[in-house]
Amino acid sequence: HFKHLVLLLIISLLSSLCRASEGIPTTFRFRHYTVDNGMPSNMIRSIMQDHRGFMWFGTESGLCRFDGNRFYTFSRSQRNEGYLPDDYISSIFEDSENRIWLGTDNGVYCYDEQEGKFVKFRCSAYKIEGLMVNNICEDKDHNIWIASRNEGVFKYNLRSKSITHFSFLITEKEIEQIYADSNNNIW
């Protein structure tokens, strides 16, 4: 009986401490970055932190990578090999093999880290080069899922390099978001 009383007392104390800590304000510090600091645009469409800690920002005027000190911009205006032919970056995603994928209004691009440039993702089975992409994610089976504005959803298998197109019998084919949950369901 004494053990139960001690246990009840401990639980009560922990409960009181938890409630007391709820009243303690948490302080957040924000920094505001704009085009004046090196961003290509003040209109951010997507944000991602990669495995090395770089922050990537997709904007309406290009893509930028932030190392904590300065911004490096990838844009159409660069006109060099590996430039982005579309500055509207709607989605940034890093897969399980640390490849960075971009969704744009002109298809999908993958970052070649060694070359420091983006390469157009091509697949002979379907014409996805001009695809308007809203979102990209990966499931537990290493499939890359691409949600498009006009063509439904595409599933690209990283291992077999095969692609499957899912078209829906709905009048509005725009898929805004796609998500793979912990049970490997695609939403």
Apply the test ring-ring contact (aromatic ring centres under 6.0 Å, His included) to residues Phe66 and Tyr33: give CA-CA distance (whole Å), side-chain angles for both, the deciding distance (0.1 Å), then the verdict. CA-CA 11 Å; Phe66 184 59; Tyr33 294 104; 4.9 Å; yes

Just do the side-chain hydrogen bond (donor to acceptor under 3.5 Å, both in side chains) check on Glu94 and His51 with the steps written out, would you? CA-CA 8 Å; Glu94 185 175 35; His51 70 283; 2.5 Å; yes

Yes or no on side-chain hydrogen bond (donor to acceptor under 3.5 Å, both in side chains) for Tyr88 and Arg76, after CA distance, side-chain angles and deciding distance? CA-CA 10 Å; Tyr88 192 97; Arg76 180 174 54 197; over 6 Å; no

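How far OG of Ser148 is from CE of Met132: 9.5 Å, rounded to the nearest 0.5 Å.
Annotation: side chain of Ser75 is not in contact with side chain of Pro40 (no heavy-atom distance under 4.5 Å). When side chains are defined from C-beta on, Phe74 counts as touching Trp56, because their heavy atoms get closer than 4.5 Å. Counting heavy atoms from C-beta on, the side chains of Ile100 and Glu113 never come closer than 4.5 Å. Residues Phe93 and Met48 have side chains not in contact (no heavy-atom distance under 4.5 Å, counting atoms from C-beta outward). Put simply, the side chain of Ile146 reaches to within 4.5 Å of the side chain of Val108, judged on heavy atoms. Asp95 places a side-chain heavy atom less than 4.5 Å from the side chain of Ile144. For the pair Arg65 and Tyr111, the minimum side-chain heavy-atom distance is below 4.5 Å. The closest side-chain heavy-atom distance from Ile92 to Leu63 is below 4.5 Å.
For Glu97, the side-chain hydrogen bond (donor to acceptor under 3.5 Å, both in side chains) partners two or more places apart in sequence, or in a different chain, are Arg99. Taking Tyr156 as the reference, Phe121 meet the ring pair (Phe, Tyr, Trp, His ring centres under 6.0 Å) condition, with sequence neighbours excluded. In this structure Asn135 satisfies the side-chain hydrogen bond (donor to acceptor under 3.5 Å, both in side chains) test together with Gln177, sequence neighbours excluded.
A side-chain donor-acceptor contact under 3.5 Å links Ser91 to the backbone of Ile136. Between the Lys155 side chain and the His165 main chain, no donor and acceptor come within less than 3.5 Å of each other. Distance alone, capped at 3.5 Å, places no donor-acceptor pair between the Asp112 side chain and the Phe118 backbone. Put simply, the side chain of Asn184 never gets that close to the backbone of Asp139: no donor and acceptor are under 3.5 Å apart. No donor-acceptor distance shorter than 3.5 angstrom exists from the side chain of Glu60 to the backbone of Ile44, with no hydrogens or angles considered.
Using a cut-off of 4.0 Å between Lys/Arg side-chain N and Asp/Glu carboxylate O, Asp105 and Arg149 are scored as salt-bridged.
No more than 12 heavy atoms of other residues, nucleotides or ligands sit less than 6.0 Å from atom OH of Tyr179.
Taking both residues in full, the closest heavy atoms of Ile175 and Asn134 are given as O-ND2, 2.9 Å, listed atom of the first, atom of the second, then distance. In this structure, Thr104 and Ser90 approach most closely via the heavy-atom pair N-OG, 4.0 Å. Among all heavy-atom pairs drawn from Ala180 and Ile186, the shortest one is CB-CD1, 3.7 Å.
Cluster annotation: Phe57 is not connected to Phe54 through the hydrophobic network of ILVMFWY side chains, with a link wherever side-chain heavy atoms come within less than 4.5 Å.
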